Amino acid sequence: MSIVLGLDSSTQGISAVILNTDEGRIVSEETVRFGEDLPAFGQPSGFIPDGENGEVHADPLMWVEALNLLMERLKAQGCDLASVEAICGSGQQHGSVYLDEGFRAKLESLQAGQSLVAQIEPHLTRRTSPIWMDSSTSEECAEIAAAVGGTEEVCRRSGSIAIERFTGPQIRKFAKEDPEAWGRTGVVHLVSSFIASVMAGRSAGIDPGDGAGMNLMNLADGAWDEGLVTATAPGLMEKLPPLAKPGSVIGEIAGFFVERFGFSTGCKVVTFSGDNPCSLVGMGASSPGKVVVSLGTSDTLFAAMPEPRTDPNGYGHVFGNPMGGFMSLICFKNGSLAREAVKEEFGLGWDAFEPGGLAETPVGNEGRMMLPFFESEITPRVDTGGAKYAGWEGARDAASSVRAVLEAQFTNMRLHFRWLGVEPEIILLTGGASQNDGIAQIVADVFGKPVSRLSVTGSAGLGAAMQAAAACGVPLAALEEAFCRPEEGSTLVPSDGIRETYDEFEQAFAEFLQGAQSASN
Ligand code: ADP
Ligand code: XUL
């Protein structure tokens, strides 16, 4: 019997999913929410409120306390933790934890009779951790880019241009602002490798999935990039954990968890990864051929890539794929935000976005178009929000505005995913808006590909658990078959006779976008 545990240390909480891979079922799930369950930390949404100048930090001890509470709850549920064979985990990407030289030795001698927090606290050289929501490092991004020959060079090497939330610029800011504490820092961990270290009772390596989110790893050779590391902070190379092979075993679980919660001594801890790479696995999309489109507050598109290409425009990111190769991540910030803006403008319900509502207007909207960037946008980069419209004579009506926002969003997505060089066989849709058949049909029509819906909740934690199972020898195909099946009857195919209309629409949209961009420059 294979019982594996997947952890997900995310922005607002930490959760666990336990799989029985022989029976192909989820045995237990549990979540600790930072705001509700640990109010004493005063971080209702998982970070310290009211950060200044774009700073968003969280307390790493809150993550440790939550991990302990999560295990207590699993035990209280009656979970047979002794039967867990392997553990893997996912962490919110980019966040960093700063620890002294003594941290390594402390990990190896954690006492089950003392609190985890009390044992780790003295080893923090930076009391708080910058997380992915932090945007305070524009100056450091510019400095790093200048030192290596420009932002395109940072992208060519690391898979992303220098980005404020990425770990390298965050490390640079700390080293500049507090050189004394930086000097005392022995190791900088990511959220994923930090939690993995605690679980394994030894300092863990960073996998290329999460390592690529630092602006420090060279994509082509999968090693720390000397030029980027030197440009980031003095002495950084010695403070970075090694890059670990995805799926490699760090070691056996720390005695702390054996004594306190009843895990077995032989339980393996497998190298953790970032939440997006883990979601790729959890959505069953870690082999090339499937593209995942997640329609949440923001929309994201991610896909496995066999080769490490980079986005020539610098909007998208390339991370390692935990199952080998690479993956892309493209974020469209105005996702549900834009769809909701149109819905609110005309006082509509979501039914206006269903096939019945869309039937009021023809495919291609008779040339009526929208640039749906109600707020600033990441892909393409638009610094000031405000939607733009073209092709209406007179007032805009509700039906044509609904069609316009959807056709624009997915045409924009199609336009900005081409650099991946991936021709998907199928698009897997997930996220709140994916249940809407009208929206899903427009995705199928604009991309000209079949679309299936996957109702995986917690795809990052599931993907982590699947990596733990893979490390125990369970074949990936069997895991995908059991845990990542499309919902029955959820597949939609592209409508007939519309290809040409959407090809022409894409060209017109690209011109509209280009015109708006050159006007704003
Ligand atoms: P996140 O995880 O980013 O918070 P979700 O994936 O839960 O977001 O998606 C939430 C969004 O889904 C809501 O903001 C809402 O706009 C959208 N949504 C929910 N139901 C529908 C629907 N029937 N049609 C279109 N959009 C919907
Ligand atoms: C990706 C990103 C977020 C975090 C938190 O670049 O910043 O998706 O991983 O979920």
Side-chain angles (χ1 to χ4, degrees), residues 8-15 45-47 56 58 90-96 129-135 158-161 163-170 190-192 209-215 272-280 282-283 292-302 311 315-320 327-344 348-358 374 378-379 402 405-406 409 429-443 453-461 463-464:
D8 177 19
S9 181
S10 73
T11 314
Q12 305 220 31
I14 178 160
S15 48
S45 304
F47 53 85
V56 183
S90 155
Q92 52 172 311
Q93 292 198 252
H94 319 300
S96 42
S129 290
I131 64 162
W132 64 279
M133 297 163 91
D134 189 295
S135 59
S158 75
S160 301
I161 61 167
I163 308 251
E164 282 79 356
R165 69 184 189 282
F166 276 40
T167 324
Q170 294 291 342
L190 291 179
V191 178
S192 60
D210 221 6
M214 301 173 81
N215 282 144
F272 284 27
S273 188
D275 55 358
N276 293 297
C278 287
S279 283
L280 183 80
M283 290 293 295
V292 180
V293 171
S294 170
L295 304 175
T297 308
S298 295
D299 293 344
T300 54
L301 181 149
F302 52 92
D311 182 355
Y315 306 138
H317 308 303
V318 182
F319 300 140
M327 70 173 286
S328 64
L329 175 77
I330 313 177
C331 182
F332 302 86
K333 192 171 143 201
N334 284 273
S336 285
L337 287 173
R339 294 184 285 274
E340 279 172 18
V342 173
K343 179 171 160 283
E344 299 306 318
L348 305 169
W350 285 124
D351 54 333
F353 294 68
E354 293 280 357
L358 291 170
F374 290 79
I378 296 171
T379 312
V402 168
V405 70
L406 298 177
Q409 287 188 313
L429 273 193
T430 186
S434 68
Q435 296 309 312
N436 188 309
D437 284 341
I439 296 177
Q441 187 64 53
I442 292 202
V443 177
R453 264 69 68 82
L454 237 64
S455 66
V456 174
T457 46
S459 57

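Counting starts at 1 for both ligands and their atoms, in listed order. Since this is a predicted model, take the numbers as computed values, not measurements. No hydrogens, no waters, no symmetry mates; every other heavy atom, side chains included, goes into these values.
- Shown in contact with G296 at under 4.0 Å from a heavy atom are these atoms of ligand 1, numbered in order with element: 3 (O), 5 (P), 6 (O), 8 (O), 9 (O).
- Residue I439 has at least one heavy-atom neighbour below 4.0 Å for each of these atoms of ligand 1: 25 (C).
- The nearest heavy-atom contact from the protein to atom 5 (C) of ligand 2 is D275 OD2, 3.2 Å.
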Output, in order, the C-alpha distance, side-chain angles, deciding distance and verdict of side-chain hydrogen bond (donor to acceptor under 3.5 Å, both in side chains) for D210 and Q93. CA-CA 6 Å; D210 221 6; Q93 292 198 252; 3.2 Å; yes

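- The aromatic rings of H317 and F319 sit parallel to each other, their planes meeting at less than 30°, with 60° as the upper class boundary.
- The residue T300 has no part lying near ligand 2, judged by heavy-atom distances below 4.0 Å.
- Using a 4.0 Å cut-off to heavy atoms of Q93, the atoms of ligand 2 that qualify are 4 (C), 9 (O).
- A parallel orientation is assigned to the rings of H94 and F166, their planes being inclined by less than 30° (bins at 30° and 60°).
- When heavy-atom distances to ligand 1 are checked against a 4.0 Å cut-off, T430 has no atom that comes that close, whether in backbone or side chain.
- Nearest protein heavy-atom contact of atom 2 (C) of ligand 2 is H94 NE2, 3.6 Å.
- Of the inter-residue distances, the one linking D8 atom CG with S192 atom OG reads 11.0 Å to the nearest 0.5 angstrom.
- Of all protein heavy atoms, the one closest to atom 7 (O) of ligand 2 is R165 NE, 2.8 Å.
- Considering backbone and side-chain N/O of N436, one or more are found under 3.5 Å from N/O of ligand 1.
- Near S336, meaning under 4.0 Å from one of its heavy atoms, ligand 1 places the atoms 11 (C), 12 (O), 14 (O), 16 (O), 17 (C).
- For atom 12 (O) of ligand 1, the nearest protein heavy atom lies closer than 4.0 Å.
- On a distance-only criterion, E340 and ligand 1 share at least one N/O pair closer than 3.5 Å.
- Here is the list of ligand 1 atoms found below 4.0 Å of a heavy atom in G431: 6 (O).
- To the nearest 0.5 Å, atom CZ of residue F332 and atom CG of residue L337 are 14.0 Å apart.
- With respect to atom 8 (O) of ligand 2, the closest heavy atom belonging to the protein is N276 ND2, 3.0 Å.
- A donor-acceptor contact shorter than 3.5 Å links the side chain of E354 to the backbone of D437.
- By the 4.5 Å heavy-atom criterion applied to side chains, N215 and T167 are not counted as neighbours.
- Within the 4.0 Å heavy-atom criterion, both parts of T297, backbone and side chain, lie near ligand 1.
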